[in-house]
Amino acid sequence: MRHRNYGALWVGSLSASFAMNMQQVARGWFVYDWTSSAVDLALVTLSFMLPQVFIALPGGVFADRHQKRKIIVGSQLLNCIATLVMAIVILTEQVEFYHFIVFGLLNGSILALSFPARHAMIPDVVPDSLVFSAMALSSTSMNVARVLAPAFAGFLIAWISAGDTNSSYGVGIVYVVITSLYFVAAASTQIVSVRGKSRRDRSARGDLMQEINEGLRFVWRQPSVFGLIVISIIPFLFAFPLNTFLPAFNEDVLGGGPEDLGLLLSALGIGSIVGSLMLATSGDMERKGFWLFWICIGWGVIVLIFGFVTNFFIAMIIICLVGWCSAWNMAMNRALIQQKTRQDILSRVMSIDMMSHGLMPLGVLPIGLVADYFGVAVAINVSGCLFILSVALLYATTPQIRHLLKRYG
């Protein structure tokens, strides 16, 4: 934090993460209370994740070619405008289900364009020796938001609506607050003096597909990077659906309201903060591959256990452990990718990482169907089992995963 530019970038990331987590609560509660369908929750998530599959790779090329600061600021301003429009639609009670789908597509597209630039800019604002800790501390900013933003959004909805928790007015005001947070994120990033210029010579640039293929070839030829990206896909398929269906689990299994949903998501964030801070202060720890692999297994076990919980207090404790595993795993994974990738191609590699995370709907939709037919608790049990089995199967069948454990074990 002694590096002023990193501090400003961190504040911008915190504001944007705060906005996204408040939006998660407001959108999740409103949609599920309105439709009572886990599949509808999955469709809204799909609308947000799908653009990452198709736009992330061009976004990585764009970030490698242009100033990263402009990309980040422009993206947050677009989010600001889009969220304001959604707030007006909700407040005037003109909202329809398709509005959440359209807004999700737009929001996901903007994220796909800005994510590679934001993460690739970190090495531009800190020395190489601090990249690992800076990545972990950036994860902390997202996790701080996961603690405070959900509780704030839940209590704000309940307070403004005076107990009428399906009120459009309460959710609409939350969207107004989200609008202001996106503006703060844009303003904070704008004061970063480092522009994040492209390190790629113009004469070396090809067309869009050539540059995308160059990024893909780099990942394929680097066993460690390939292994890191592959093992990061599994949580998005079988662990993060828990986040999507938490509003349904909170209402159907725990019998909670929006305040309780906010507390659960805050507990998730508390665990994430502890995990990311532990990683940030660990320095260049040994046996990274060992920790990465076994925390994945532990994460799956904890998700499986969560599906059996019916007590709210116990649910908070277990969801806190889920947050710890997710923060440790993801921050370590991305920091290792940063260290193993050339700077002139880093945005494209980060975009490949993001594109793989866009596969999350492949897990969310089937698990959503299980939730609608057998209950959300059974769906989470199934999700945890698939998580554990997938990690074990990857180790048994993928040489790059075994190389990762050998290289960093």
Side-chain angles (χ1 to χ4, degrees), residues 1-23 63 66-80 110-111 113-150 152 177-199 266 269-270 272-285 323 326-328 330-339 341 343 346-347 350 354:
M1 283 297 184
R2 289 197 300 267
H3 297 269
R4 173 182 172 276
N5 286 323
Y6 178 78
L9 194 65
W10 189 88
V11 170
S13 178
L14 176 64
S15 298
S17 297
F18 218 98
M20 289 183 64
N21 280 277
M22 287 186 68
Q23 181 181 316
H66 302 284
Q67 292 183 15
K68 299 177 183 66
R69 187 183 67 182
K70 283 185 177 180
I71 296 172
I72 299 168
V73 172
S75 297
Q76 301 304 354
L77 288 176
L78 284 174
N79 270 329
C80 181
I110 293 170
L111 178 65
L113 287 172
S114 63
F115 175 91
R118 180 174 292 281
H119 282 269
M121 193 168 177
I122 290 177
D124 290 333
V125 296
V126 297
D128 290 343
S129 60
L130 294 179
V131 167
F132 194 86
S133 292
M135 285 294 296
L137 199 57
S138 292
S139 294
T140 304
S141 72
M142 292 185 283
N143 295 326
V144 166
R146 289 170 71 181
V147 172
L148 300 178
F152 180 58
V177 175
I178 293 169
T179 299
S180 66
L181 287 168
Y182 278 128
F183 180 80
V184 170
S188 177
T189 307
Q190 180 61 33
I191 68 174
V192 176
S193 62
V194 176
R195 297 179 181 180
K197 293 182 178 180
S198 171
R199 301 190 184 188
S266 294
I270 288 171
S272 300
I273 286 179
V274 173
S276 54
L277 283 177
M278 285 177 64
L279 190 61
T281 56
S282 65
D284 192 17
M285 63 181 296
S326 66
W328 187 284
M330 293 179 65
M332 179 178 289
N333 190 294
R334 285 176 179 160
L336 287 171
I337 290 174
Q338 292 265 7
Q339 289 184 336
T341 304
Q343 289 302 309
L346 181 56
S347 295
M350 296 306 295
M354 184 182 193

**Report entry** Donor-acceptor contact below 3.5 Å, side chain S180 vs main chain V177
**Finding:** yes
Query - Over all atoms of both residues, closest heavy-atom pair of M22 and L181 - result: SD-CD1, 3.7 Å
Query raised in the report: What heavy-atom pair brings R69 and Q190 nearest, and what distance separates the two atoms?
Result: NH1-O, 3.7 Å
Requested in this report: Find the distance between OG1 (T189) and NZ (K70) and round it off to the nearest 0.5 Å.
Outcome: 15.0 Å
Requested in this report: Evaluate whether atom CZ of F183 has more than 12 neighbouring non-hydrogen atoms of other residues, nucleotides or ligands under 6.0 angstrom away.
Outcome: no
Query raised in the report: So how far is it from N79 CG to M20 CE, rounded to the nearest 0.5 Å?
Result: 8.0 Å
Query raised in the report: Which residues pass the side-chain contact (heavy atoms from CB on, under 4.5 Å) test with L78, sequence neighbours left out?
Result: I110
Which donor-acceptor pairs under 3.5 Å do the side chains of residues 8-15 make with protein atoms, sequence neighbours left out?
from : atom 1 : to   : atom 2 : distance (Å)
W10  : NE1    : L137 : O      : 2.9
S13  : OG     : S141 : OG     : 3.3
S15  : OG     : V11  : O      : 3.2

Report summary line: Nearest heavy-atom approach of A186 to V73 is O-CG2, 3.7 Å
Report task. Please report the shortest heavy-atom distance between Y182 and A16, naming the atom on each side. Result -> CE2-O, 4.2 Å
Requested in this report: Please list, chain by chain and in numerical order, all residues satisfying side chain to side chain donor-acceptor pair (under 3.5 Å) with N333, sequence neighbours excluded.
Outcome: none
